[in-house]
Amino acid sequence: MSSYDDNDAFEAAARVPLSQRAMGAQAHPYLNDLNPAQREAVEALDGPVLMLAGAGTGKTKALTTRIAHLLRTGTARPHEILAVTFTNKAAREMKNRVARHLGETVEGMPWLGTFHAICVKLLRRHAELVGLKPNFTILDTDDQIRLLKQLISAANIDEKRWPARQLAGIIDGWKNQARTPDRIPAAEASAFDGKGPALYAAYQERLRTLNAVDFGDLLLHMLVIFQTHEDVLAQYRRWFRFIMVDEYQDTNVAQYLWLRLLASEHRNICCVGDDDQSIYGWRGAEVGNILRFEKDFPGARVIRLEQNYRSTPHILAAASGVIAANQGRLGKTLWTEEQDGEKVRLIGHWDGEEEARWIGEELESMQQGTRGLRPFNLDQCAILVRASHQMRAFEDRFLTIGLPYRVIGGPRFYERLEIRDAMAYFRVAVSPDDDLAFERIVNTPKRGLGEKAIQKMQIAARANGVSLFEGARLVLAAGDLAGRAKGQLTALLDGFGRWHGAVLDQRESHVELAETILEESGYVAHWQNDKTPEAPGRLENLKELVKALENFENLQGFLEHVALIMDNETEEGGPKVSIMTLHGAKGLEFPAVFLPGWEDGLFPSQRAMDEQGLKGLEEERRLAYVGITRAEELCTISFAANRRIYGQWQSALPSRFIDELPEQHVDVLTPPGLYGGGYGAAGMDSSFGSGIEQRAASANVYNSPGWKRLQARGAQRGMAQPQESRNMVIDMTAVSAFTTGDRVFHQKFGYGVVADIEGDKLEVAFDKAGRKKIVAKFVVSADAADDVPF
DNA sequence: CCTCATATACTTTTT
DNA sequence: GTATATGAGG
């Protein structure tokens, strides 16, 4: 169907003399933009290359220039280059940057994409070799779980003791390891009450009858095909004459084998990665792949990109100090030509709330410029947390002080097909001239309104300078449509007429209206009639969508909300501080970075250490390294002595990673003197200095003198004192102060009116959030809201 | 069939 | 503490 079916094309390209690539910088001025290491990586086109690219060393630049160079020198044609990434975002970025190198005239690269995207393409062509039809569907995680649930109950297994989630994890793990059901090692056969392998086999069988695959299958099926069909493998070996892999440290076993099969003949493979940034071991990534590269490809050139263009020397030194504690690294020494800069700042807090408060205040003053720093715009600041539940403290705090923020990596719910369709219906109902939305759903479900019909509408719309919706009306009026299409379109437009009217007169609740729209439009029926395995899930998602509507006043408000959280590209409003997980921050950079929650147990995560031991700890340490190296100018690490976890107050030790920060690159800040000027500061001062050697010697954080002092201080003052005294302020205004009808304010729900009082609980009818039962102390009189010292 | 109450578990996340 | 899942009951 497309160029890659054309065998002659690559045969011809294969005959392009390799000597052409010896052309130097004169012919290729872009080479002058590179530092020596980058240039070496770009010009080493022949044979295996391992590009060890530290954080901020211009990895993507080297990689994209390398592709451009392959093409510019005529060494390869676009379709002969296989370039794999892990995320669509990375693939997009690479495509854009290659295109920029080459000018717009060059055709796209058909084989630049994620492992999964490329495997889908390949698998559609060879589906029958693994018993699938080319139009197989791809199940997402939810579908997967649903299927497994069925299988588990069919096998008479107690779903409670053996949850489908767990089985899904096990099967994913096997797939990552490139294990088909018949190749489960004996040691793992006992998984899932000994029924793991059988259920895995049943699951694969079921997928096949459904003509479906899950994400892991995309790779595994292709791998099996390569392993069992030499002719197919041979074809692609000749095809993909040059292979490039981004983020090689994140590859799992299946991906590794897949790549090795394709590359082992011509060995033109260039893997780019950083073993120090391997943070996805928990989902099957094998650091071993990158560590082993030179063994797999003897004679490989190892090129280290070590000049960092991102961070100041102090930040680099701090990151290097931490990562140095890991064993078995390939080893890199990041350096920079930068001279000055702030040390990494370290600050301890009493509890998590205070940490959030301090960061909020710091962000506010940083916009003006504070502590002798240049002013920072909020867009230049980010808060990187270990676990997403840490985000809430910041959201709550920033909401109350009105600091604009954005959470990156939220739920993906709104990206689903059925949700976007439903949203499109809502959008047209709210504003009929939303052409994009109208076009999306005009023929979904199928109404016999194909390309031609839509074209007619568009022509009519454009000719009269009206919306597509009006255009459709005109087409109907002109009698330009016949038969089924005519009737269907009439019905649809009538429907939207009614629904739009209902939006306007607001008599019906928006939740009911939404249900009506989905029903009457036939969209729900569309999925009910759909027999594919994912249909039930989609219906459930639609239900969920309707339920989510309850939290909003009307459809407009809901759509606005979703639009904001959906496309962070076209985001409106002023600058905002970003909040995201450390994992989510990989590959990004910010002038100012806050790293809160550096406490043992939280970071490094207790679970990672319990389950993975030293391996887990080292991955956590790499995560710390990733976090620090996100910062360009200012990096602020903080921890709290107390934190509420699952509703319980727990005290914690400062993270062991804090002790690994080289002290000459760290500035210990004193927290503001709310309680007599800094238990934290006193503790911290001494924790530095002598603490480091002691801890290194004993490897026991509990022995840290700094920590002991910190604890002693805390005990002296009474651990609970600070937050109690804070609540007191509220208590006094609260408990007895309210009567029914009072106007009150709540941190999260905003303003409302007291409807009922039961003991210490109030029932409040909130303006926006509806009726809720609230413990009185969390609410203040609306008049006093401005004075409350939150 | 839907709602309410109780129990339970709970990093990280892309495809 | 909160979200989710399941079971009982209306």
Problem - salt bridge (Lys or Arg N to Asp or Glu O under 4.0 Å) assessment of A:Lys59 paired with A:Glu247 - result: CA-CA 10 Å; A:Lys59 170 196 74 166; A:Glu247 307 280 13; 3.3 Å; yes

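- Atom-to-atom, CD1 of A:Ile645 to C1' of B:dT11 comes out at 12 Å; the value is rounded to the nearest Å.
- For B:dT15, the OP1/OP2 oxygens have a side-chain nitrogen or oxygen of A:Asn88 closer than 4.0 Å.
- Looking at heavy-atom distances under 4.0 Å, A:Thr87 makes contact with sugar-phosphate atoms alone, never a base.
- Shown here are the salt bridge (Lys or Arg N to Asp or Glu O under 4.0 Å) partners of A:Asp250, two or more places apart in sequence or in another chain: A:Lys586.
- Between the CD atom of A:Glu247 and the C1' atom of B:dT15 there is a distance of 15 Å, rounded to whole Å.
- Comparing B:dT15, C:dG1, B:dT12 against the side chain of A:Arg644 picks out C:dG1 as the nearest.
- By the salt bridge (Lys or Arg N to Asp or Glu O under 4.0 Å) test, A:Glu515 is found to be paired with no residue, residues two or more places apart in sequence or in another chain being considered.
- If you measure from atom CD of A:Glu515 to atom P of B:dC2, you get 10 Å, rounded to the nearest angstrom.
- At the phosphate of B:dT13, OP1 or OP2 sits under 4.0 Å from a side-chain N or O atom of A:Thr581.
- If you check B:dT15, B:dT13, B:dT11 against the side chain of A:Ser605, the one that comes closest is B:dT11.
- Computed from coordinates, the A:Leu602 CG to B:dT11 C1' distance equals 9 Å when rounded to whole Å.
- By the salt bridge (Lys or Arg N to Asp or Glu O under 4.0 Å) test, A:Arg124 is found to be paired with no residue, residues two or more places apart in sequence or in another chain being considered.
- A salt bridge does not link A:Arg329 to A:Asp275: none of the charged side-chain nitrogens sits closer than 4.0 Å to a carboxylate oxygen.
- In terms of the salt bridge (Lys or Arg N to Asp or Glu O under 4.0 Å) criterion, A:Arg630 has no residue partners (sequence neighbours excluded).
- Across the protein-nucleic acid pair, A:Leu219 atom CG and B:dT14 atom P stand 17 Å apart, rounded to whole Å.
- Taking atom CZ of residue A:Arg165 and atom C1' of nucleotide B:dT11, one finds them 13 Å apart after rounding to whole Å.
- For an aromatic pair to be called close, the ring centres must be under 6.0 Å apart, and A:Tyr256 with A:Trp258 fails this.
- By the 5.5 angstrom centroid cut-off and the 30-degree plane limit, A:Phe86 is classified as not stacked against the base of B:dT15.
- A sub-4.0 Å separation between OP1 or OP2 of B:dT12 and a side-chain N or O of A:Ser388 is present.
- Of the residues near DNA chain B, A:Ala608 and A:Lys543, the one whose nearest nucleotide (by heavy atom distance) lies more toward the 5' end is A:Lys543.
- By the side-chain contact (heavy atoms from CB on, under 4.5 Å) test, A:Leu129 pairs with A:His126, A:Ile225, A:His229, A:Val232, sequence neighbours left out.
- Side chain of A:His583, nearest nucleotide from B:dT13, C:dT2, B:dT11: B:dT13.
- Both geometric conditions, a ring-centre gap below 5.5 Å and a plane tilt below 30°, are not fulfilled together for A:Tyr280 over the base of B:dT13.
- One can place CH2 of A:Trp649 at 11 Å from P of C:dG1, the figure rounded to the nearest angstrom.
- Taken residue by residue, residues 609-630 of chain A places heavy atoms nearer than 4.0 Å to DNA chain B at A:Glu620.
- Going from atom OH of A:Tyr646 over to atom P of C:dA3 covers 14 Å, rounded to whole Å.
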